[in-house]
Amino acid sequence: MAGDMKGQSDCDLDIISMQCDNEARYRKQITITRPIFTEETFQEGYRISTSNSSATAKLRRSCTSNLSSLSGHGLCLAVLKFFPIIGWLKEYNWRKDIIGDVISGLTTAVMRIPQEMAYALLATVPAVYGLYSAFFPVILYAVLGTSKHISIGTWAVVSIMIGNAIDAVIDVELSNINNGTSEMAEMTSGISAEDNTMLRVQIATSLCLLVGIIQTLMGVLRLGFVTNYLSEPLVRGFTTGAAVHVFTSQFPKLLGIKTTRRTGVITLVYTYIELFTKLKQTNPCAVIMSVLALMMLILIAEMNDLQAHKSWCRREGRKGKKLPIPSELFVVICATLASFLGRFESRYNLSVVGDIPTGVPVPTVPSLRGSMSLFGSAFAMAIVGFAISISMAQLFAKKHEYEVEANQELIAYGSCHIFGSFFRCFPHATSMSRTAVQEGSGGKTQLAGVISALVVVVILLRLGPLFSQLPQCILGAIIVVALRGILRQIKDLPLLWKVNNVDFAIWLLTFLCVCLLGVDLGLLCGVGIALVTIVLRTQIPNSSIIGAIPNTDIYRDVTRVPDAQEIPGIKIFCFSSSLCFINADNFKNSLFQKVGVNPQKRLIAKHKGDLNKKLEYSHCDEEPRNNVHQVQTIIIDCCMFNYIDTVGVKTLQTLITDYDKVDIRVVLANCKETVRQSLLKSATLNKKEAIGLDRMYLTLHDAVADHMPSQKDDNFKHVGVKIQNEISYETGV
């Protein structure tokens, strides 16, 4: 009895095992039977809506939409969109969020004050103007900005661009004074040290106004997409190269050496040569203070990074957040006290910040004299500043599950620049390090930025003179340590080399161009390099012959998928790009090579009476797989054609005409609407060679089924065609 039960149990287990194996091998079936469709027969059987997509119609719809927004409800929505502060203040949870915003604002302010002064000196203007740029733009961004977490203010890369632009303008204007051709001759003639400082401030203010105008116009014209042309490898290569310039510019401060500021090509080389030649002039006091400051800043920064990493890895169950140690403020206070008590400026000739006036500046209209010479630099700053700011805004918006609007951000940045230019601010952007601190210390909204700006006002009104004895080498050390995150981007190169060689080349070449040619020219070269790679990839795309997977309607590249079989008498050609003037010749040559039939050569051979297979394939690098079957039909898979211009249309027309002369029919499949419209409109150019809907098939399978030479040939069974006017897809078991 027990033995029988055991045997029955083993049998049941075997049956269950067999059923599981069968289920594992089972695949769901798809069986569809429908007529073969060309675009012509499909449109005869089904109604196709023809929407008016002309430029005039789009303009009319846009005007109608804008007029409808002038209604009461539309106007309210427009106001809410233009002033995002109304939306987030209405939903603000004062009990839950105010403590986090206050702590975040105070923490960010502690970091902001020394950084703003340091970046002002990097921009070759007095330190107090960095504090101005830390207050006025921040207040306005809280009203107009859509990001809740970014920290608006000075940034190292933009500051070095400002300094270079100011130096370039002053050099050019001073050289033109003698010729009487300078637009700023009245300001630059007989210039003193104080006048030079004020001139630099005026130029920086003019730059701020120009940047604001450019960004505001871009926002009004809905051009927030322009940063899409700055790929991530390009931006990271550019910022890393700019960080090298910033790093180099701080060496004279760290060593206590006075060097000549230079602009133009290979300035880095000249700067390092001058540094090495002046090493004997090193100020020992500056070196000692710089080394001590760097050691303390790096040590505390690494501790903060480790603490932030542990906080990120901590489970959400623990709510407490440890605040970062304010290393910059601690070092600034210690160095200022040491410099004041030790009288380092008079005893050791140590460069200090100098007088910092109290109070806020009276609004003045910025001058636009000489603005034409500043426009190129202003445009570069507007694009770079927006690219960095919007990328940081989108990063934290994704993390905290809200949205930022690129065009509104442009209007906000532009308005901040225009408003700030009346209070002697210089161009600014989003600081990556301060943004990380503002978010990591518990900031929930831009109220944290407002609180940090109010702390800056206290410094401006009361405590500014206390920093007059702050050594400039300390500010240089703060900038150098703040560059750690940007310089670490060089770690991108090994990963890019493994993933994408083109992106690797864009990153490296942009970095080298910025280092050798300067920040502005390097950015222009980087954009040019990125565009060239796009053009090259469009001009020389991949092309292939594709075949059918047996018993399916799936088609794949025969060189990559061994199971894909070419269909005798039919060549299916796929071109992995849109067809336009850039790649029209490459498309034609690739088609001749892959298909194995050059109609022009065949016509020449036919006229000579020497048509044979050898001549037919004499130009091919590879013999076609099924060369025993003469090509009767060529199917061009247009699934990769997003658009086709007139040159592409003429190329297709010529190919169809030439192949018709040698009795080979060329048809198209998978044509998008834009491609179909372009081909149909081409009839106005050449009615005799017009490509009609009868040559366009809905899918590859339709085209293949409609051009099968014989249903009896066993070679065609894998296509899955039952009858000439029907397609049956049968895949599976």
Side-chain angles (χ1 to χ4, degrees), residues 104-123 125-145 147-163 204-205 207-208 211-212 215 239 246 326 328-329 332 360-361 381-382 384-393 396 409 412-421 423-441 443 446-460 464 475 478-479 482-483 485-486:
S104 175
L106 296 175
T107 305
T108 307
V110 167
M111 182 181 184
R112 180 188 290 276
I113 293 167
Q115 279 195 0
E116 302 287 0
M117 293 192 293
Y119 292 151
L121 296 180
L122 183 61
V125 297
V128 69
Y129 294 94
L131 297 178
Y132 297 157
S133 300
F135 172 67
F136 296 103
V138 176
I139 296 296
L140 187 58
Y141 181 80
V143 177
L144 300 178
S147 174
K148 300 178 182 179
H149 295 92
I150 63 173
S151 176
I152 292 292
T154 58
W155 184 45
V157 174
V158 173
S159 294
I160 193 68
M161 294 175 73
I162 296 168
T205 304
L207 271 172
C208 190
V211 170
Q215 289 183 332
T239 53
V246 176
E328 291 90 350
L329 187 62
V332 164
V360 295
M381 292 177 205
V384 171
F386 174 63
I388 295 298
S389 299
I390 194 65
S391 62
M392 293 295 294
F396 287 101
E409 286 292 291
Y413 301 148
S415 301
C416 291
H417 278 98
I418 294 174
F419 178 68
S421 67
F423 295 92
R424 300 180 184 178
C425 298
F426 55 86
H428 44 269
T430 298
S431 169
M432 292 183 281
S433 57
R434 288 199 307 271
T435 299
V437 169
Q438 181 169 311
E439 187 270 342
S441 56
Q446 278 300 326
L447 187 60
V450 173
I451 293 171
S452 70
L454 294 177
V455 176
V456 173
V457 171
V458 174
I459 300 295
L460 286 172
L475 295 179
I478 290 173
I479 291 176
L483 294 173
I486 301 179

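As the structure is a prediction and not an experimental result, all values here were calculated from the model. All residue numbers in this chain count up from 1 along the given sequence.
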Step by step, work out the side chain to side chain contact (heavy atoms under 4.5 Å, CB included) result for Ser147 and Tyr141. CA-CA 9 Å; Ser147 174; Tyr141 181 80; 3.2 Å; yes
Given the rule in the side chain to side chain contact (heavy atoms under 4.5 Å, CB included) test, do Thr108 and Ile451 qualify, once you have shown the distances and angles that lead to the verdict? CA-CA 9 Å; Thr108 307; Ile451 293 171; over 6 Å; no
Do Thr107 and Gln438 have side chains that approach each other closer than 4.5 Å (heavy atoms only, starting at C-beta)? no
Taking the side chain as C-beta and beyond, is there a heavy-atom pair between Phe426 and Ser159 under 4.5 Å? yes
Is any side-chain heavy atom of Thr239 less than 4.5 Å from a side-chain heavy atom of Trp155? yes
Do Ile459 and Arg112 come within less than 4.5 Å of each other through their side chains, counting heavy atoms only? no
What heavy-atom pair brings Ser433 and Gln115 nearest, and what distance separates the two atoms? OG-NE2, 3.6 Å
Would you find a donor on one side and an acceptor on the other, under 3.5 Å apart, between the side chain of Thr435 and the backbone of Ser151? yes
Shortest non-hydrogen contact from Ala120 toward Gly130: CB-N, 3.5 Å
Are Glu328 and Arg434 within salt-bridge range, i.e. N to O under 4.0 Å? no
Is the shortest side-chain heavy-atom distance between Val450 and Val138 below 4.5 Å? no
Shortest non-hydrogen contact between Arg424 and Thr205, atoms and distance: CA-OG1, 3.8 Å
Side chains of Met117 and Ile478 in contact at under 4.5 Å (non-hydrogen atoms): no
Under 3.5 Å, side chain of Ser421 to main-chain N/O of Ile418, donor-acceptor pair present? yes
Taking the side chain as C-beta and beyond, is there a heavy-atom pair between Val360 and Phe136 under 4.5 Å? yes
Closest heavy-atom pair, Pro137 versus Cys425, reported as atoms and distance to 0.1 Å, is CD-SG, 4.1 Å
Check whether any side-chain heavy atom of Ile152 sits under 4.5 Å from a side-chain heavy atom of Tyr413, and report yes or no. yes
